[in-house]
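The structure displayed is predicted, hence computed values, not measured ones.
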Amino acid sequence: MQYWLIKSEPDAFSIDDLQAANVEPWDGIRNYQARNFMRDQMKVGDQVFFYHSSCAAPGIVGICEVASEPYPDPTAFDPEANYYDPKSDPDKPKWILVDMKFVKKLEQVISLAELKTMPELAEMRLLKKGNRLSIMPVEKSEWEFIMGIAG
DNA sequence: GCCAACGTTGGC
DNA sequence: GCCAACGTTGGC
């Protein structure tokens, strides 16, 4: 089993939205690296940190898990959708996603500012300068350390 | 709103 | 294949 972190802007889709939906196709990803993680490496049951970005208090707010095999992102084929990509052919889909299933909200949010102060997380991908990936792997040691903080 | 970092596009 | 221009991300 592997560990991951996914970012979402809470104004667009928050951990509460995921809780309400229970299972949500993680659509709209239009970055090859992020897509490749979903397509090639995610397995059903992998554990995932849910991170709020571009907001007043960015940080890890909850946990979800991979809940499907990879499959084509339907929003890429829909001209009405925000994430429509005319270059994605249904016969040869360019964008691939998995479903995410709500697991729990953390009892206390672990803020980005707090994460940055932890020497144990100095190598964490999320904290690297210039990082913009919206889906990234998390090391087991990092996962366990953060779960320790979360209590 | 600003700006640094990064990914993508497109001309050549 | 190079690289400048442009658009996006995301913290502050």
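Cluster annotation: A/Phe13 is not connected to A/Tyr84 through the hydrophobic network of ILVMFWY side chains, with a link wherever side-chain heavy atoms come within less than 4.5 Å.
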Quick one, give me the B/S/- string for nucleotides 7-12 of chain C, reading 5' to 3', where B means a protein heavy atom under 4.0 Å from the base and S means that only happens at the primed atoms, P, OP1 or OP2.
BBBBSS

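Under the 4.5 Å side-chain criterion, counting only non-hydrogen atoms from C-beta, A/Ile60 is in contact with A/Leu5.
For an aromatic pair to be called close, the ring centres must be under 6.0 Å apart, and A/Trp95 with A/Tyr83 fails this. For A/Trp26 and A/Phe50, the gap between ring centers is short of 6.0 Å.
Remark: the backbone N or O of A/Ser14 is paired with a side-chain donor or acceptor of A/Asp17 at under 3.5 angstrom.
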